[in-house]
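The structure appears below as structure tokens.
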Amino acid sequence: NPFLCLCVHHPDEAAISPQDPILRIGSSLTATCTLSPEFGLHASMLFWTLNGMRLSSSAYTVMSSDVLSVTLHNLNGSKQQSGDNLVCHGADGHVLGGSCLYVGMPPEKPVNLTCWSRNTKDLRCRWSPGGVGETHIRTKYTLKYKLRWYGREKECENYSTGKQRYTCYIPRNLALFTPYEIWVEANNQLGSATSDITTLDILDVVTTDAPANVQVSRVGDLDDQLTVRWTSPSELKDILFQAKYQIRYRLEDSTEWKVAMDDVGNQTSCRLAGLRPGTVYFVQVRCNPVGIYGSRKAGIWSDWSHPTAASTPSNERLQSGSCDPKPGEQNSTLRRELKQFFGWVRKHAYGCSGMSIKLYDQWRVWLQKSHRTRNQVGKGGIIKADMV
């Protein structure tokens, strides 16, 4: 990297002053390059560069035969946290000396501090830098925590890097049933700032991984339904809790998700109804653990599971090119199908206990077979089917 600040010093040839200054954005700086007399160089033959770019001679001042200064106004933030390279060169371009400029801002109060636990034994916290976020110089963030009413202050030690650098992980030795006070301190060479204190109980911030083994399957030949199944969170298998689940789905050619079930109880399956026949759907599930060890507060929703796809069976009446019926025809069709349903119930059901969703599903399957039979006979085909 040609702009990496190397802080090059050749005291035998020249001395640069000030060395590695720390400045606020918008400030000015005058630096000097003082030559060693025994090398026989003259200050008027020297020039300056900043991050490899030659600076205009109009910013120079020959203070003596062996001292050349340069003045920079309204400095911008450093292009990199390692500093900006201000270098003094001889007439032939060789480096006589250099200084690293650190131009930035003091940190502002960190914000958006949130924490969550995967298994009641650990804690992970994330925050955002305050203000515009970028200080342009190295800024250290320290997550600190303590039991609310007693206990000594501790520091988190496991910080993430890269895009997750404003995150810290506490893997063990956390107390349950006692709230913690948590905050973040930000420090650099221009100042410091501290976030607001967040008070939390570990049991109130429990979350899970997204539900695993999500499976979506057809419900027999029913063309408007799909069954969704999943497994409960493994990380909470040894903990007494209830679970809420949300299920959402979308059409294959759509980006809009629809939440089908907003509060599925402590179960691991549900049925989606009212879907389009012959259509591919993508389905996702997420989990919220509630009632951890009797806590009255809900936990934190997990991420959504990876999308799982399945298609509903095709509706052959639509595929045969039939048009939507007129309102009068709809009523006639409804009366006919209700008559068929009650006739089918008299034949197959015994007592009120037979009137179940399963029985209704069986009738829907029979009805669809009946429609397919009529469509195929109408085309000249002959097929055997159960009739009332």
Side-chain angles (χ1 to χ4, degrees), residues 112 114-128 158-171 202-292 297-314 361:
N112 302 327
T114 57
C115 303
W116 62 96
S117 174
R118 291 285 182 184
N119 54 18
T120 74
K121 298 176 183 178
D122 65 356
L123 192 68
R124 190 180 299 272
C125 296
R126 178 175 58 220
W127 63 92
S128 301
N158 300 286
Y159 293 89
S160 300
T161 58
K163 293 182 179 180
Q164 301 296 323
R165 66 184 182 276
Y166 303 120
T167 303
C168 196
Y169 178 60
I170 305 170
I202 301 298
L203 297 180
D204 296 336
V205 294
V206 176
T207 188
T208 71
D209 290 329
N213 301 320
V214 177
Q215 300 177 14
V216 184
S217 57
R218 296 179 176 182
V219 184
D221 288 335
L222 297 181
D223 59 12
D224 67 341
Q225 298 186 28
L226 292 172
T227 295
V228 186
R229 294 182 176 85
W230 60 91
T231 56
S232 59
S234 59
E235 58 267 55
L236 295 177
K237 63 183 179 181
D238 298 326
I239 299 175
L240 179 63
F241 77 104
Q242 297 286 316
K244 293 196 303 182
Y245 295 96
Q246 277 187 342
I247 294 90
R248 69 178 187 177
Y249 65 92
R250 66 173 175 85
L251 299 174
E252 181 182 25
D253 56 356
S254 173
T255 58
E256 182 178 351
W257 292 93
K258 179 179 179 180
V259 176
M261 303 294 289
D262 192 42
D263 187 6
V264 179
N266 200 29
Q267 62 190 62
T268 56
S269 68
C270 82
R271 182 179 297 187
L272 303 178
L275 306 177
R276 295 183 186 177
T279 304
V280 175
Y281 285 90
F282 286 92
V283 180
Q284 291 181 301
V285 185
R286 67 175 180 172
C287 176
N288 187 337
V290 298
I292 302 289
K297 294 185 179 180
I300 299 174
W301 284 107
S302 71
D303 293 332
W304 290 100
S305 63
H306 293 296
T308 301
S311 64
T312 52
S314 298
D361 289 345

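A heavy-atom distance below 4.5 Å is not found between the side chains of Cys168 and Cys125. In this structure, the side chains of Asp224 and Thr312 stay at 4.5 Å or more apart for every pair of heavy atoms. Using a 4.5 Å heavy-atom cutoff, the side chains of Thr120 and Leu203 are in contact. Between His306 and Val214 the shortest side-chain heavy-atom distance does not fall below 4.5 Å. In this structure, the side chains of Thr207 and Arg118 come closer than 4.5 Å at one or more pairs of heavy atoms. Looking at Val205 and Leu123, their side chains come closer than 4.5 Å, going by heavy atoms from C-beta outward. With contacts defined as side-chain heavy-atom distances shorter than 4.5 Å, the pair Tyr159/Arg165 does not qualify.
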Can you list the steps and then say if Tyr245 with Gln267 is a side chain to side chain contact (heavy atoms under 4.5 Å, CB included)?
CA-CA 8 Å; Tyr245 295 96; Gln267 62 190 62; 5.5 Å; no
Tyr281 and Leu275: side chain to side chain contact (heavy atoms under 4.5 Å, CB included), yes or no, with the steps?
CA-CA 9 Å; Tyr281 285 90; Leu275 306 177; 3.6 Å; yes
Under the side chain to side chain donor-acceptor pair (under 3.5 Å) criterion, do Arg229 and Gln215 qualify, and how do the steps go?
CA-CA 5 Å; Arg229 294 182 176 85; Gln215 300 177 14; over 6 Å; no
Yes or no on side chain to side chain contact (heavy atoms under 4.5 Å, CB included) for Trp230 and Asn213, after CA distance, side-chain angles and deciding distance?
CA-CA 5 Å; Trp230 60 91; Asn213 301 320; over 6 Å; no
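Here CD1 of Ile300 is found 9.0 Å from OG of Ser117. Values are rounded to the nearest 0.5 Å. Interatomic distance, Asp223 CG to Arg276 CZ, rounded to the nearest 0.5 Å: 13.5 Å. Interatomic distance, CG of Asn158 versus CG of Asp122, reported as 11.0 Å (0.5 Å rounding). Atom-to-atom distance recorded for Tyr166:OH and Arg126:CZ is 13.5 Å, nearest 0.5 angstrom. Interatomic distance, Ile247 CD1 to Trp257 CH2, rounded to the nearest 0.5 Å: 12.5 Å. Taken to the nearest 0.5 Å, the OG1 atom of Thr208 stands 8.0 Å off from the CG atom of Asn288.
Scanning all heavy atoms of the two residues, the minimum distance from Ser160 to Arg124 falls at OG-NH1, 4.4 Å. The nearest pair of heavy atoms linking Ser302 to Ala210 is OG-CA, 3.8 Å. Heavy-atom minimum distance, Ser305 versus Pro211: CB-O, 3.6 Å. Between Gln246 and Trp304, the shortest heavy-atom distance links the atoms O-CZ3, 3.4 Å.
Residues Ser311 and Arg218 bring a donor and an acceptor atom of their side chains to less than 3.5 Å of each other.
With a 6.0 Å radius and a threshold of 12 heavy atoms from other residues, nucleotides or ligands, Arg250 has its CZ atom above the threshold.
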